[in-house]
Amino acid sequence: MSNLADVRIKGVNKEFHINGERIDVLKEIDLEVKSGEFVCIVGASGCGKSTLLKMLVGLEKPTTGDIFIGSRKVVNPSVECGMVFQEARLCPWLTVKGNISFGIAKRLPRKEKAKIVVDHIKLVGLEGFEKAFSGQLSGGMQQRVSIARALVNRPALLLLDEPLGALDALTRINMQKEILRIWEQEKTTMILVTHDIDEAVYLGDRVVVLSSRPGEIRQDIKVDMARPRDRTSDDFALIRRKVYREFFKDSNNQPEYFL
Amino acid sequence: MKRKIVGVLFRLALKTAPLVGVLLLWDIVCRYEVFSPAVLPSPERTWDTLLRLISNGKLVSSLTISFERVIKGFLIGTTSGIIVGIIMGLSRIVNNLLSSLVEVLRPIPMIAWIPLLILWLGIGEPSKIAVIALGGFWPTLLNTIHGIRSADSKLLEVADILEKNSFEKLIKVVLPSAFPSIFTGFRLGMGVSWSCVVAAEMIASHEGIGYMITFARELSQPDGVMIGMLAIGIFGLIIDSAIRFLQRKLLKWY
(Lines give C-alpha, C1' and ligand atoms only; values in the text may rest on other atoms or scores of the structure.)
Protein backbone atom coordinates (compact mmCIF):
# COMPACT_ATOMS: atom_id res chain seq x y z
CA MET A 1 0.00 0.00 0.00
CA SER A 2 3.05 2.20 -0.25
CA ASN A 3 2.03 4.82 -2.81
CA LEU A 4 -1.61 4.60 -1.93
CA ALA A 5 -1.03 6.19 1.41
CA ASP A 6 0.43 9.48 0.23
CA VAL A 7 -1.34 12.36 1.88
CA ARG A 8 -2.11 15.43 -0.19
CA ILE A 9 -3.58 18.61 1.21
CA LYS A 10 -4.52 20.91 -1.64
CA GLY A 11 -5.33 24.58 -1.22
CA VAL A 12 -7.20 24.07 2.03
CA ASN A 13 -8.83 27.06 3.70
CA LYS A 14 -10.85 26.84 6.86
CA GLU A 15 -13.00 29.48 8.41
CA PHE A 16 -15.29 29.38 11.41
CA HIS A 17 -18.30 31.57 11.98
CA ILE A 18 -18.76 32.53 15.57
CA ASN A 19 -21.64 34.90 16.39
CA GLY A 20 -21.82 35.93 12.78
CA GLU A 21 -18.18 36.87 12.72
CA ARG A 22 -15.89 35.15 10.27
CA ILE A 23 -12.65 33.81 11.65
CA ASP A 24 -10.01 32.53 9.28
CA VAL A 25 -8.28 29.62 10.87
CA LEU A 26 -6.20 28.13 8.09
CA LYS A 27 -5.14 29.76 4.85
CA GLU A 28 -3.99 28.13 1.64
CA ILE A 29 -2.50 25.00 3.13
CA ASP A 30 -0.65 22.89 0.59
CA LEU A 31 1.17 19.92 1.96
CA GLU A 32 2.22 16.53 0.73
CA VAL A 33 3.29 13.72 2.97
CA LYS A 34 4.81 10.64 1.41
CA SER A 35 3.86 7.22 2.55
CA GLY A 36 5.92 6.18 5.56
CA GLU A 37 7.07 9.71 6.27
CA PHE A 38 7.05 11.29 9.73
CA VAL A 39 6.02 14.94 9.56
CA CYS A 40 5.83 17.24 12.55
CA ILE A 41 3.74 20.38 12.48
CA VAL A 42 4.63 23.12 14.94
CA GLY A 43 2.74 26.31 15.59
CA ALA A 44 1.60 28.58 18.35
CA SER A 45 -1.62 27.67 20.12
CA GLY A 46 -4.69 28.71 18.19
CA CYS A 47 -2.96 28.55 14.81
CA GLY A 48 -5.31 25.87 13.58
CA LYS A 49 -3.02 22.88 13.74
CA SER A 50 -5.57 20.75 15.55
CA THR A 51 -8.21 21.85 13.07
CA LEU A 52 -5.94 20.67 10.29
CA LEU A 53 -5.73 17.21 11.86
CA LYS A 54 -9.48 17.12 12.40
CA MET A 55 -9.94 17.79 8.70
CA LEU A 56 -7.44 15.08 7.83
CA VAL A 57 -9.34 12.54 9.89
CA GLY A 58 -12.66 13.71 8.49
CA LEU A 59 -14.27 15.19 11.60
CA GLU A 60 -14.20 18.67 10.06
CA LYS A 61 -14.58 19.73 6.45
CA PRO A 62 -12.36 22.28 4.72
CA THR A 63 -14.18 25.45 3.67
CA THR A 64 -12.39 25.22 0.34
CA GLY A 65 -9.77 22.83 -0.95
CA ASP A 66 -9.40 19.07 -0.84
CA ILE A 67 -7.61 16.47 1.19
CA PHE A 68 -6.62 13.10 -0.23
CA ILE A 69 -5.30 10.06 1.53
CA GLY A 70 -4.03 7.91 -1.30
CA SER A 71 -6.72 8.15 -3.92
CA ARG A 72 -9.54 8.65 -1.41
CA LYS A 73 -10.86 12.13 -0.91
CA VAL A 74 -11.47 12.67 2.78
CA VAL A 75 -15.11 13.50 3.48
CA ASN A 76 -15.82 11.51 6.60
CA PRO A 77 -13.91 9.52 9.19
CA SER A 78 -12.37 6.24 8.11
CA VAL A 79 -10.31 3.69 9.99
CA GLU A 80 -7.76 4.16 7.27
CA CYS A 81 -6.68 7.11 9.36
CA GLY A 82 -6.07 6.72 13.09
CA MET A 83 -5.88 9.51 15.59
CA VAL A 84 -4.33 10.04 19.02
CA PHE A 85 -5.34 13.07 21.07
CA GLN A 86 -3.63 14.95 23.85
CA GLU A 87 -5.95 13.23 26.31
CA ALA A 88 -5.90 9.47 25.98
CA ARG A 89 -9.72 9.40 25.67
CA LEU A 90 -10.10 5.85 26.94
CA CYS A 91 -13.33 4.26 28.09
CA PRO A 92 -12.95 4.18 31.88
CA TRP A 93 -15.21 1.12 32.13
CA LEU A 94 -12.95 -0.96 29.91
CA THR A 95 -9.63 -2.59 30.72
CA VAL A 96 -6.52 -2.03 28.64
CA LYS A 97 -7.52 -5.09 26.64
CA GLY A 98 -11.09 -3.86 26.23
CA ASN A 99 -10.04 -0.40 25.15
CA ILE A 100 -7.68 -1.71 22.49
CA SER A 101 -10.28 -4.20 21.32
CA PHE A 102 -12.78 -1.33 21.08
CA GLY A 103 -10.57 0.10 18.34
CA ILE A 104 -11.07 -2.85 16.01
CA ALA A 105 -13.54 -1.75 13.37
CA LYS A 106 -13.89 -4.88 11.31
CA ARG A 107 -16.08 -7.81 12.28
CA LEU A 108 -13.59 -10.51 13.10
CA PRO A 109 -13.77 -13.88 14.83
CA ARG A 110 -13.06 -13.64 18.55
CA LYS A 111 -9.75 -15.47 18.25
CA GLU A 112 -8.42 -13.15 15.62
CA LYS A 113 -9.47 -10.11 17.61
CA ALA A 114 -7.74 -11.44 20.70
CA LYS A 115 -4.57 -12.00 18.73
CA ILE A 116 -4.59 -8.45 17.35
CA VAL A 117 -5.08 -7.10 20.86
CA VAL A 118 -2.24 -9.18 22.28
CA ASP A 119 0.06 -8.10 19.45
CA HIS A 120 -0.68 -4.44 20.04
CA ILE A 121 -0.30 -4.68 23.79
CA LYS A 122 3.13 -6.03 23.05
CA LEU A 123 3.77 -3.32 20.48
CA VAL A 124 3.22 -0.53 22.99
CA GLY A 125 4.93 -2.44 25.81
CA LEU A 126 1.99 -2.91 28.14
CA GLU A 127 2.37 -6.64 28.84
CA GLY A 128 1.14 -7.39 32.33
CA PHE A 129 -1.37 -4.53 32.37
CA GLU A 130 -4.01 -6.18 30.19
CA LYS A 131 -6.61 -6.24 32.93
CA ALA A 132 -5.97 -2.79 34.39
CA PHE A 133 -8.66 -0.14 34.08
CA SER A 134 -7.55 3.10 32.50
CA GLY A 135 -7.98 4.94 35.79
CA GLN A 136 -5.29 2.73 37.28
CA LEU A 137 -2.70 3.67 34.65
CA SER A 138 -0.26 6.55 34.58
CA GLY A 139 -0.63 9.26 31.93
CA GLY A 140 2.11 7.76 29.77
CA MET A 141 0.58 4.29 29.93
CA GLN A 142 -2.84 5.64 29.06
CA GLN A 143 -1.34 7.28 26.00
CA ARG A 144 0.26 3.96 25.02
CA VAL A 145 -3.18 2.35 25.13
CA SER A 146 -4.53 5.18 23.02
CA ILE A 147 -1.79 4.65 20.44
CA ALA A 148 -2.43 0.91 20.38
CA ARG A 149 -6.15 1.53 19.89
CA ALA A 150 -5.41 3.85 16.98
CA LEU A 151 -3.14 1.27 15.33
CA VAL A 152 -5.28 -1.89 15.56
CA ASN A 153 -6.92 -1.21 12.20
CA ARG A 154 -3.50 -0.85 10.57
CA PRO A 155 -4.23 2.67 9.38
CA ALA A 156 -2.23 4.06 6.47
CA LEU A 157 -1.92 7.31 8.38
CA LEU A 158 -1.65 8.05 12.08
CA LEU A 159 -2.39 11.56 13.32
CA LEU A 160 -1.07 12.61 16.69
CA ASP A 161 -2.47 15.81 18.16
CA GLU A 162 -0.02 16.92 20.86
CA PRO A 163 -0.02 13.36 22.17
CA LEU A 164 2.65 14.03 24.79
CA GLY A 165 1.59 17.51 25.81
CA ALA A 166 0.13 16.43 29.12
CA LEU A 167 3.06 14.28 30.21
CA ASP A 168 5.99 15.22 32.43
CA ALA A 169 9.33 15.93 30.79
CA LEU A 170 10.97 12.57 31.46
CA THR A 171 7.97 10.50 30.42
CA ARG A 172 7.72 12.65 27.33
CA ILE A 173 11.28 11.88 26.22
CA ASN A 174 10.64 8.21 26.86
CA MET A 175 7.43 8.26 24.87
CA GLN A 176 9.13 10.08 21.98
CA LYS A 177 11.49 7.13 21.70
CA GLU A 178 8.54 4.76 21.89
CA ILE A 179 6.69 6.56 19.12
CA LEU A 180 9.78 6.37 16.92
CA ARG A 181 10.17 2.68 17.65
CA ILE A 182 6.53 2.04 16.76
CA TRP A 183 6.86 4.13 13.61
CA GLU A 184 9.92 2.19 12.50
CA GLN A 185 8.27 -1.12 13.28
CA GLU A 186 4.85 -0.41 11.74
CA LYS A 187 6.00 1.91 8.91
CA THR A 188 2.85 3.95 9.33
CA THR A 189 2.80 7.46 7.93
CA MET A 190 2.66 9.80 10.87
CA ILE A 191 1.72 13.45 11.22
CA LEU A 192 2.35 14.84 14.68
CA VAL A 193 1.26 18.24 15.88
CA THR A 194 3.18 19.80 18.72
CA HIS A 195 4.32 23.09 20.15
CA ASP A 196 7.50 21.53 21.46
CA ILE A 197 10.20 22.39 18.90
CA ASP A 198 12.66 19.90 20.37
CA GLU A 199 10.13 17.14 20.01
CA ALA A 200 9.45 18.08 16.40
CA VAL A 201 13.12 18.11 15.45
CA TYR A 202 13.77 14.88 17.35
CA LEU A 203 10.93 12.98 15.68
CA GLY A 204 10.22 14.36 12.25
CA ASP A 205 11.60 13.74 8.79
CA ARG A 206 10.27 17.22 8.19
CA VAL A 207 9.17 20.02 10.45
CA VAL A 208 6.39 22.21 9.08
CA VAL A 209 6.11 25.59 10.78
CA LEU A 210 2.70 27.24 10.83
CA SER A 211 2.20 30.95 11.37
CA SER A 212 -0.22 32.18 13.98
CA ARG A 213 -3.85 32.73 13.00
CA PRO A 214 -4.72 32.42 10.25
CA GLY A 215 -2.37 29.47 10.03
CA GLU A 216 -0.22 29.41 6.92
CA ILE A 217 2.69 27.18 6.15
CA ARG A 218 5.66 29.37 6.72
CA GLN A 219 8.46 26.92 6.27
CA ASP A 220 8.92 23.25 5.54
CA ILE A 221 12.23 22.22 7.08
CA LYS A 222 13.85 18.93 6.24
CA VAL A 223 15.57 17.21 9.13
CA ASP A 224 18.42 15.37 7.46
CA MET A 225 19.72 13.51 10.43
CA ALA A 226 20.09 9.81 11.09
CA ARG A 227 18.11 8.34 13.97
CA PRO A 228 18.48 8.01 16.90
CA ARG A 229 19.16 11.71 17.02
CA ASP A 230 21.39 13.27 19.59
CA ARG A 231 19.66 16.28 21.06
CA THR A 232 22.95 17.76 22.14
CA SER A 233 24.66 17.53 18.75
CA ASP A 234 25.53 20.57 16.62
CA ASP A 235 23.36 19.45 13.73
CA PHE A 236 20.39 19.17 16.02
CA ALA A 237 21.03 22.65 17.41
CA LEU A 238 21.33 24.05 13.90
CA ILE A 239 17.96 22.73 12.79
CA ARG A 240 16.36 23.71 16.05
CA ARG A 241 17.65 27.24 15.61
CA LYS A 242 16.17 27.32 12.10
CA VAL A 243 12.78 26.31 13.45
CA TYR A 244 13.01 28.80 16.32
CA ARG A 245 13.81 31.65 13.94
CA GLU A 246 10.90 30.76 11.73
CA PHE A 247 8.60 30.31 14.68
CA PHE A 248 9.26 33.69 16.25
CA LYS A 249 9.87 35.67 13.06
CA ASP A 250 6.99 38.08 13.25
CA SER A 251 5.99 37.76 16.85
CA ASN A 252 6.76 40.44 19.38
CA ASN A 253 7.58 38.04 22.13
CA GLN A 254 11.02 37.03 20.95
CA PRO A 255 12.50 34.21 22.93
CA GLU A 256 15.10 35.41 25.36
CA TYR A 257 17.73 33.22 23.91
CA PHE A 258 18.80 31.77 20.59
CA LEU A 259 20.33 28.40 20.93
CA MET B 1 -1.20 -2.99 63.82
CA LYS B 2 -2.05 -2.09 67.37
CA ARG B 3 -2.77 1.44 66.29
CA LYS B 4 -5.12 0.20 63.60
CA ILE B 5 -7.15 -1.87 66.06
CA VAL B 6 -7.41 1.08 68.41
CA GLY B 7 -8.60 3.23 65.50
CA VAL B 8 -11.26 0.72 64.49
CA LEU B 9 -12.47 0.39 68.06
CA PHE B 10 -12.60 4.14 68.44
CA ARG B 11 -14.70 4.55 65.32
CA LEU B 12 -17.00 1.75 66.45
CA ALA B 13 -17.40 3.47 69.81
CA LEU B 14 -18.19 6.75 68.10
CA LYS B 15 -20.86 5.09 65.99
CA THR B 16 -22.53 3.17 68.80
CA ALA B 17 -22.35 5.93 71.41
CA PRO B 18 -25.43 7.85 70.21
CA LEU B 19 -27.49 4.64 70.03
CA VAL B 20 -26.52 3.67 73.55
CA GLY B 21 -27.18 7.23 74.67
CA VAL B 22 -30.70 7.25 73.24
CA LEU B 23 -31.45 3.86 74.83
CA LEU B 24 -30.19 5.06 78.20
CA LEU B 25 -32.19 8.26 77.98
CA TRP B 26 -35.28 6.28 77.00
CA ASP B 27 -34.79 3.96 79.95
CA ILE B 28 -34.31 6.83 82.42
CA VAL B 29 -37.35 8.71 81.11
CA CYS B 30 -39.47 5.58 81.56
CA ARG B 31 -38.11 4.76 85.02
CA TYR B 32 -39.12 8.16 86.31
CA GLU B 33 -42.42 7.91 84.41
CA VAL B 34 -42.04 11.26 82.70
CA PHE B 35 -44.61 10.11 80.14
CA SER B 36 -47.37 7.62 80.67
CA PRO B 37 -46.52 4.07 79.48
CA ALA B 38 -49.42 4.35 77.04
CA VAL B 39 -47.49 7.08 75.25
CA LEU B 40 -43.93 5.84 75.66
CA PRO B 41 -43.57 2.17 76.56
CA SER B 42 -40.38 1.14 78.34
CA PRO B 43 -37.49 -0.45 76.43
CA GLU B 44 -38.15 -3.77 78.18
CA ARG B 45 -41.76 -3.85 77.08
CA THR B 46 -40.82 -2.88 73.54
CA TRP B 47 -38.20 -5.63 73.51
CA ASP B 48 -40.79 -8.17 74.68
CA THR B 49 -43.18 -7.03 71.96
CA LEU B 50 -40.41 -7.38 69.39
CA LEU B 51 -39.68 -10.95 70.53
CA ARG B 52 -43.37 -11.74 70.40
CA LEU B 53 -43.76 -10.30 66.90
CA ILE B 54 -40.78 -12.31 65.73
CA SER B 55 -41.85 -15.56 67.36
CA ASN B 56 -45.41 -15.43 66.07
CA GLY B 57 -44.06 -14.64 62.61
CA LYS B 58 -46.00 -11.40 62.17
CA LEU B 59 -42.98 -9.17 61.67
CA VAL B 60 -41.26 -11.40 59.14
CA SER B 61 -44.42 -12.12 57.16
CA SER B 62 -45.33 -8.43 57.09
CA LEU B 63 -41.89 -7.50 55.84
CA THR B 64 -41.94 -10.26 53.23
CA ILE B 65 -45.28 -9.16 51.87
CA SER B 66 -44.17 -5.53 51.69
CA PHE B 67 -40.87 -6.49 50.12
CA GLU B 68 -42.59 -8.53 47.43
CA ARG B 69 -44.74 -5.55 46.55
CA VAL B 70 -41.71 -3.30 46.43
CA ILE B 71 -39.81 -5.65 44.15
CA LYS B 72 -42.70 -5.90 41.70
CA GLY B 73 -43.36 -2.17 41.64
CA PHE B 74 -39.67 -1.30 41.61
CA LEU B 75 -38.97 -3.53 38.62
CA ILE B 76 -41.84 -2.03 36.66
CA GLY B 77 -40.92 1.51 37.68
CA THR B 78 -37.18 1.36 37.07
CA THR B 79 -37.46 -0.56 33.80
CA SER B 80 -39.84 2.00 32.37
CA GLY B 81 -37.74 4.78 33.90
CA ILE B 82 -34.64 3.53 32.11
CA ILE B 83 -36.41 3.05 28.79
CA VAL B 84 -38.12 6.45 28.80
CA GLY B 85 -34.94 8.02 30.17
CA ILE B 86 -32.81 6.63 27.35
CA ILE B 87 -35.27 7.86 24.75
CA MET B 88 -35.57 11.29 26.35
CA GLY B 89 -31.81 11.50 26.80
CA LEU B 90 -31.13 10.67 23.18
CA SER B 91 -33.87 12.54 21.38
CA ARG B 92 -34.26 16.24 21.77
CA ILE B 93 -37.72 16.13 20.20
CA VAL B 94 -39.08 13.52 22.62
CA ASN B 95 -37.45 15.38 25.47
CA ASN B 96 -39.13 18.65 24.55
CA LEU B 97 -42.38 16.80 24.08
CA LEU B 98 -42.35 15.15 27.49
CA SER B 99 -40.37 17.48 29.71
CA SER B 100 -43.28 19.76 30.63
CA LEU B 101 -45.32 16.71 31.58
CA VAL B 102 -42.48 15.42 33.73
CA GLU B 103 -42.00 18.78 35.38
CA VAL B 104 -45.66 19.02 36.37
CA LEU B 105 -46.15 15.42 37.51
CA ARG B 106 -42.87 14.80 39.28
CA PRO B 107 -43.34 17.18 42.24
CA ILE B 108 -46.63 15.49 43.20
CA PRO B 109 -45.97 13.54 46.40
CA MET B 110 -46.50 9.82 46.02
CA ILE B 111 -49.13 9.82 48.76
CA ALA B 112 -51.26 12.17 46.69
CA TRP B 113 -51.37 9.58 43.92
CA ILE B 114 -52.85 6.89 46.12
CA PRO B 115 -56.51 8.03 46.16
CA LEU B 116 -56.60 8.37 42.39
CA LEU B 117 -54.87 5.07 41.84
CA ILE B 118 -57.30 3.35 44.19
CA LEU B 119 -60.21 4.81 42.23
CA TRP B 120 -58.70 3.67 38.97
CA LEU B 121 -57.21 0.32 39.89
CA GLY B 122 -59.26 -0.71 42.90
CA ILE B 123 -58.20 -1.29 46.45
CA GLY B 124 -56.25 -4.50 45.75
CA GLU B 125 -52.67 -5.14 44.75
CA PRO B 126 -52.52 -3.25 41.40
CA SER B 127 -53.00 0.18 42.97
CA LYS B 128 -50.23 -0.44 45.51
CA ILE B 129 -47.83 -1.78 42.89
CA ALA B 130 -48.63 1.26 40.75
CA VAL B 131 -47.71 3.71 43.52
CA ILE B 132 -44.46 1.89 44.15
CA ALA B 133 -43.70 1.77 40.44
CA LEU B 134 -44.31 5.49 40.20
CA GLY B 135 -42.03 6.07 43.17
CA GLY B 136 -39.22 4.11 41.52
CA PHE B 137 -39.91 5.65 38.13
CA TRP B 138 -39.06 9.32 38.68
CA PRO B 139 -35.57 9.04 40.19
CA THR B 140 -34.56 6.43 37.61
CA LEU B 141 -35.94 8.54 34.79
CA LEU B 142 -34.17 11.75 35.79
CA ASN B 143 -30.86 10.06 36.53
CA THR B 144 -30.94 8.07 33.31
CA ILE B 145 -31.54 11.22 31.27
CA HIS B 146 -28.70 12.92 33.09
CA GLY B 147 -26.40 9.92 32.57
CA ILE B 148 -27.12 9.66 28.86
CA ARG B 149 -26.54 13.38 28.40
CA SER B 150 -23.24 13.33 30.25
CA ALA B 151 -21.64 10.87 27.81
CA ASP B 152 -18.22 12.29 26.96
CA SER B 153 -18.33 14.01 23.55
CA LYS B 154 -14.61 13.36 23.20
CA LEU B 155 -15.19 9.62 23.48
CA LEU B 156 -17.95 9.87 20.91
CA GLU B 157 -15.50 11.61 18.61
CA VAL B 158 -13.14 8.66 19.01
CA ALA B 159 -16.03 6.31 18.21
CA ASP B 160 -16.70 8.32 15.04
CA ILE B 161 -13.08 8.02 13.97
CA LEU B 162 -13.30 4.26 14.55
CA GLU B 163 -16.34 4.12 12.27
CA LYS B 164 -18.77 2.94 14.92
CA ASN B 165 -22.41 3.19 13.90
CA SER B 166 -25.07 4.82 16.06
CA PHE B 167 -26.13 1.54 17.65
CA GLU B 168 -22.57 0.64 18.62
CA LYS B 169 -22.06 4.13 20.00
CA LEU B 170 -25.18 3.73 22.14
CA ILE B 171 -24.24 0.29 23.44
CA LYS B 172 -20.51 0.77 23.85
CA VAL B 173 -20.14 4.41 24.81
CA VAL B 174 -23.36 6.16 25.80
CA LEU B 175 -24.92 3.48 28.00
CA PRO B 176 -21.75 2.53 29.87
CA SER B 177 -21.11 6.19 30.68
CA ALA B 178 -24.68 6.43 31.97
CA PHE B 179 -24.39 3.38 34.24
CA PRO B 180 -23.16 5.16 37.38
CA SER B 181 -25.94 7.68 37.08
CA ILE B 182 -28.55 5.00 36.43
CA PHE B 183 -27.36 3.19 39.53
CA THR B 184 -27.79 6.31 41.59
CA GLY B 185 -31.32 6.42 40.21
CA PHE B 186 -31.83 2.83 41.37
CA ARG B 187 -30.73 3.66 44.87
CA LEU B 188 -32.91 6.72 45.16
CA GLY B 189 -35.81 4.92 43.48
CA MET B 190 -35.53 2.00 45.87
CA GLY B 191 -35.73 4.40 48.80
CA VAL B 192 -38.81 6.08 47.41
CA SER B 193 -40.44 2.74 46.52
CA TRP B 194 -39.87 1.47 50.03
CA SER B 195 -41.54 4.50 51.57
CA CYS B 196 -44.37 4.26 49.02
CA VAL B 197 -45.24 0.73 50.06
CA VAL B 198 -45.60 1.80 53.67
CA ALA B 199 -47.82 4.73 52.73
CA ALA B 200 -49.97 2.57 50.47
CA GLU B 201 -50.37 -0.11 53.10
CA MET B 202 -51.29 2.40 55.75
CA ILE B 203 -54.08 3.78 53.62
CA ALA B 204 -55.59 0.59 52.28
CA SER B 205 -54.39 -2.86 53.14
CA HIS B 206 -54.84 -5.74 55.49
CA GLU B 207 -51.28 -7.03 55.44
CA GLY B 208 -47.73 -5.76 55.16
CA ILE B 209 -45.51 -3.67 57.40
CA GLY B 210 -47.51 -0.47 56.87
CA TYR B 211 -50.65 -2.26 57.92
CA MET B 212 -48.85 -3.64 60.96
CA ILE B 213 -48.11 -0.08 62.08
CA THR B 214 -51.67 1.15 61.51
CA PHE B 215 -53.06 -1.87 63.30
CA ALA B 216 -50.81 -1.28 66.31
CA ARG B 217 -51.92 2.32 66.38
CA GLU B 218 -55.57 1.29 66.36
CA LEU B 219 -54.86 -0.93 69.36
CA SER B 220 -52.97 1.97 71.01
CA GLN B 221 -49.74 0.00 71.10
CA PRO B 222 -46.92 2.53 70.60
CA ASP B 223 -44.36 -0.28 71.03
CA GLY B 224 -45.77 -2.04 67.97
CA VAL B 225 -45.69 1.22 66.01
CA MET B 226 -42.08 1.87 66.95
CA ILE B 227 -40.99 -1.65 66.06
CA GLY B 228 -42.68 -1.30 62.70
CA MET B 229 -40.90 1.98 62.06
CA LEU B 230 -37.50 0.61 63.07
CA ALA B 231 -38.03 -2.48 60.95
CA ILE B 232 -38.69 -0.24 57.94
CA GLY B 233 -35.53 1.73 58.63
CA ILE B 234 -33.32 -1.30 59.12
CA PHE B 235 -34.74 -3.17 56.16
CA GLY B 236 -34.31 -0.10 53.98
CA LEU B 237 -30.68 0.12 55.08
CA ILE B 238 -30.15 -3.53 54.17
CA ILE B 239 -31.61 -3.04 50.70
CA ASP B 240 -29.51 0.07 50.13
CA SER B 241 -26.36 -1.76 51.19
CA ALA B 242 -27.24 -4.59 48.83
CA ILE B 243 -27.57 -2.17 45.91
CA ARG B 244 -24.32 -0.47 46.83
CA PHE B 245 -22.61 -3.85 47.00
CA LEU B 246 -23.96 -4.66 43.54
CA GLN B 247 -22.75 -1.29 42.30
CA ARG B 248 -19.22 -1.94 43.55
CA LYS B 249 -19.22 -5.35 41.88
CA LEU B 250 -20.65 -4.17 38.57
CA LEU B 251 -18.94 -0.78 38.31
CA LYS B 252 -15.48 -1.72 39.46
CA TRP B 253 -13.90 1.06 37.46
CA TYR B 254 -16.03 3.74 38.97
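Chain letters run A, B, ... following the sequence lines, proteins first, then strands; residues in each count from 1. All figures in this text were calculated on a predicted structure; none of them were measured in a lab.
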- Message: If you apply the rule side chain to side chain contact (heavy atoms under 4.5 Å, CB included), what do you find for B:L175 with A:W93, and how did you get there?
- Response: CA-CA 11 Å; B:L175 282 185; A:W93 52 87; over 6 Å; no
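- Within a 6.0 Å radius of CD in A:Q185, more than 12 heavy atoms belonging to other residues, nucleotides or ligands are found.
- Heavy-atom distances place both the backbone and the side chain of A:F102 under 4.5 Å from chain B.
- Between B:L155 and A:P92 the shortest heavy-atom distance is CD1-CD, 4.3 Å.
- For B:I93, the CD1 atom sits in a loose shell: 12 or fewer heavy atoms of surrounding residues, nucleotides or ligands are nearer than 6.0 Å.
- Your options are A:K54, A:M83, A:R89, A:Q136, and the one with the most heavy-atom pairs under 4.5 Å with chain B is A:R89.
- At least one side-chain heavy atom of A:F133 sits under 4.5 Å from a side-chain heavy atom of B:K252.
- In this structure, B:I111 places its CD1 atom where only 12 or fewer heavy-atom neighbours from other residues, nucleotides or ligands lie under 6.0 Å away.
- Residue A:K97 places its NZ atom among 12 or fewer non-hydrogen atoms of other residues, nucleotides or ligands, all under 6.0 Å distant.
- The contact between A:I104 and chain B is made entirely by backbone atoms, counting heavy-atom distances below 4.5 Å.
- The distance from the CG atom of B:D152 to the CG atom of A:L90 is 11.0 Å, given to the nearest 0.5 Å.
- Ranked by non-hydrogen atom pairs under 4.5 Å with chain B, the options A:S78, A:G82, A:S134, A:A150 are led by A:S78.
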| query | Between B:E163 and A:N76, is a side chain to side chain contact (heavy atoms under 4.5 Å, CB included) present by the stated rule, with each step listed? | reply | CA-CA 9 Å; B:E163 288 187 56; A:N76 44 22; over 6 Å; no
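- Both the backbone and the side chain of A:V79 have a heavy atom closer than 4.5 Å to some heavy atom of chain B.
- Interatomic distance, CG of A:L59 versus CD1 of B:I161, reported as 4.5 Å (0.5 Å rounding).
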